[in-house]
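Each remark here refers to the structure printed beneath this line.
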Amino acid sequence: MSDESSIAVESRHEPGLYVKRDITLVEGRGARVWDESGREYIDCVGGHGVASVGHCNPRVRDALAEQAGKLITCPESFANDVRADYLRALARVTPAGIDRFFLCNSGTEAVEAAMKFARIHTGRSRIVAARRGFHGRTMGALAATWGKNHRRGVEHLITGTDHVSFGDIEGLRSAVDESTAAVLVELVQGEGGVHPADPAFVAEIEGLCRSRGALLILDEIQTGFGRTGAWFAADHYGVSPDLLCLAKAMAGGLPMGAVGIGERVDDFPPLSHGSTFGGGPLVCAAARATLEFIEAEDLPGRAARLGARLLEDLRGLDSPIVREVRGMGLMVGVDLRVRVSPILRSLQERGILALPAGATVLRFLPPLVIGEADLTEVVETLGEVLGEMAP
Ligand SMILES: *Cc1c(COP(=O)(O)O)cnc(C)c1O
């Protein structure tokens, strides 16, 4: 190993796409991570909501080790025992009616597939999405993503999507018509600032999709697998998606995505979509272990309980810098009257890692296994940081 820091090497050999922190993480366990100097952090980034079952979850680790010695790769043109077993388990926990899945490797791939499926199924082309929504960064999914930064340089190639304000029922009624293949939304906007949807807006989306022949695509890439205090946010809203996009937490930290397909959608013609890596035995083994762990530990229930307390404690901080505290389960945002980056930095200096969601929202996406004492420490430390900043 050379003496050069990982940060220096990455900044030379990567093209500058990420806003990087100034620490190098080398180890993780549960809701804790360690940097190369051995410093410990409470991790409320959780791999951007990926590490729900905790870093290096022993059940996932063992499943990976075992499967790695058996069969790592197997394309979908052959059946595989672990994949079949996982599909059966996944169908058991996803919302009623969702019992077929296209397996892929990331969130954006799941959204790409869902948009394509909706167009194939309906023979229509347009997608209605929400302002402030985030659905991924590849060319198809990008058309549904709202943020201008994400579209820079390719704006002119992005077509086929109409955006309405998140919650604007009138706007929705005029946007969804006979050319609409699907409405695509998050039930709690994540990157857009942690905004839970208004139930009336969600009910209107579902009603309009049914009456106007469009499909309802829910992007539960961030909200899925227990994050919001239910297996899926759709369970809270009692909404029944036609296509359900999944990724992030689904395979215990490994790259995996999926589209769940509801009963109103037919099978697709052979070769109309596919993926070389999708549904590989290694990620399926990790995903099966993840699902079993979520179920055995009732992580959705835990997220509901700890999330409610976290929201209450954060609201109790009662700082003049805090505009609003929002969230569902362990997906929590603190909307600030100031920019979030100095606060993220101060938290990090005090051993707590958190995320931004836009310029002024502080976001917590901790592993759902996080201890109550850790959450108490997070709130107390934030209280100190805000206290030092208050005018
Ligand atoms: C993270 C995320 C995506 C994109 O997932 P990638 O795996 O980064 O492609 C899409 N939608 C939502 C809601 C997300 O949170």
Side-chain angles (χ1 to χ4, degrees), residues 17-19 44-52 102-118 127 129-147 149-151 154 158 161 163 166 182-197 202 205 216-228 232-234 236-237 239 241 243-260 275 277-278 283 286-287 290 303 326-333 354-358 361 363-366 368:
L17 296 171
Y18 300 94
V19 180
C44 294
V45 171
H48 290 209
V50 164
S52 286
F102 166 68
L103 301 176
C104 54
N105 314 286
S106 68
T108 203
E109 279 181 59
V111 172
E112 291 285 332
M115 290 170 79
K116 189 169 161 188
F117 291 162
I127 305 285
R131 293 194 183 138
R132 250 180 10 213
F134 182 85
H135 301 288
R137 309 162 178 97
T138 53
M139 291 307 291
L142 185 59
T145 290
W146 174 251
N149 291 345
H150 301 294
R151 302 160 155 261
V154 293
I158 299 175
T161 308
H163 285 90
F166 193 60
V183 178
L184 164 58
V185 283
E186 298 156 271
L187 289 176
V188 184
Q189 290 188 322
E191 305 309 305
V194 191
H195 295 273
V202 176
I205 294 174
L216 170 54
I217 308 176
L218 291 184
D219 181 344
E220 291 233 32
I221 289 166
Q222 193 162 140
T223 50
F225 296 98
R227 172 62 55 189
T228 67
F232 298 94
H236 289 299
Y237 286 88
V239 62
L243 297 167
L244 177 68
C245 299
L246 304 172
K248 289 205 163 86
M250 88 182 287
L254 271 76
M256 187 178 196
V259 181
S275 165
F277 287 119
V283 286
T290 300
R326 296 184 292 264
M328 203 182 269
L330 281 174
M331 180 170 179
V332 170
L355 278 167
V361 178
R363 180 171 41 149
F364 299 109
L365 292 175
L368 308 183

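Atoms within each ligand, like the ligands themselves, are counted from 1 in listed order.
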Can you find a non-hydrogen atom of Arg137 under 4.0 Å from ligand 1? yes
Please assess Gln189 against Phe134 for the test side-chain contact (heavy atoms from CB on, under 4.5 Å), listing each intermediate value before the final yes or no. CA-CA 7 Å; Gln189 290 188 322; Phe134 182 85; over 6 Å; no
Contact region, Thr108 to ligand 1, non-hydrogen atoms below 4.0 Å, reads both
Any atoms of ligand 1 less than 4.0 Å from a non-hydrogen atom of Gln222? List them with their elements. 15 (O)
Is the closest side-chain heavy-atom distance between Leu355 and Leu365 below 4.5 Å? yes
With no hydrogens and no angle check, do the side chains of Thr228 and Thr223 hold a donor and an acceptor under 3.5 Å apart? no
Considering only heavy atoms, does Glu186 approach ligand 1 within less than 4.0 Å through its side chain, its backbone, both, or neither? side chain
I want to confirm something. Looking only at heavy atoms, which of Gly49, Gly257, Gly107 is nearest to atom 5 (O) of ligand 1? Gly107
Got a sec, which residues hit ring pair (Phe, Tyr, Trp, His ring centres under 6.0 Å) with His48, two or more places apart in sequence or on another chain? none
Starting from atom 3 (C) of ligand 1, find the nearest protein heavy-atom neighbour and note its residue, name and distance. Phe134 CE2, 3.6 Å
Given Leu365, Val185, Asp219, which one has a non-hydrogen atom that is nearest to atom 11 (N) of ligand 1? Asp219
What atoms of ligand 1 come closer than 4.0 angstrom to any heavy atom of His135? 10 (C), 11 (N)
Any side-chain to backbone donor/acceptor pair from Thr161 onto Ala143? Under 3.5 Å, distance only. yes
Of all the non-hydrogen atoms in the protein, which one sits nearest to atom 15 (O) of ligand 1, and at what distance? Lys248 NZ, 2.6 Å
Salt bridge (charged side-chain N to carboxylate O under 4.0 Å, His left out) evaluation trace for Glu191 with Arg363: CA-CA 9 Å; Glu191 305 309 305; Arg363 180 171 41 149; 3.0 Å; yes
Would you confirm whether His163, through its side chain, and Ala144, through its main-chain N or O, come within 3.5 Å as a donor-acceptor pair? yes
Residue-level breakdown please: for Glu109 versus ligand 1, do any non-hydrogen atoms fall below 4.0 Å on the side chain, on the backbone, on both, or on neither? neither
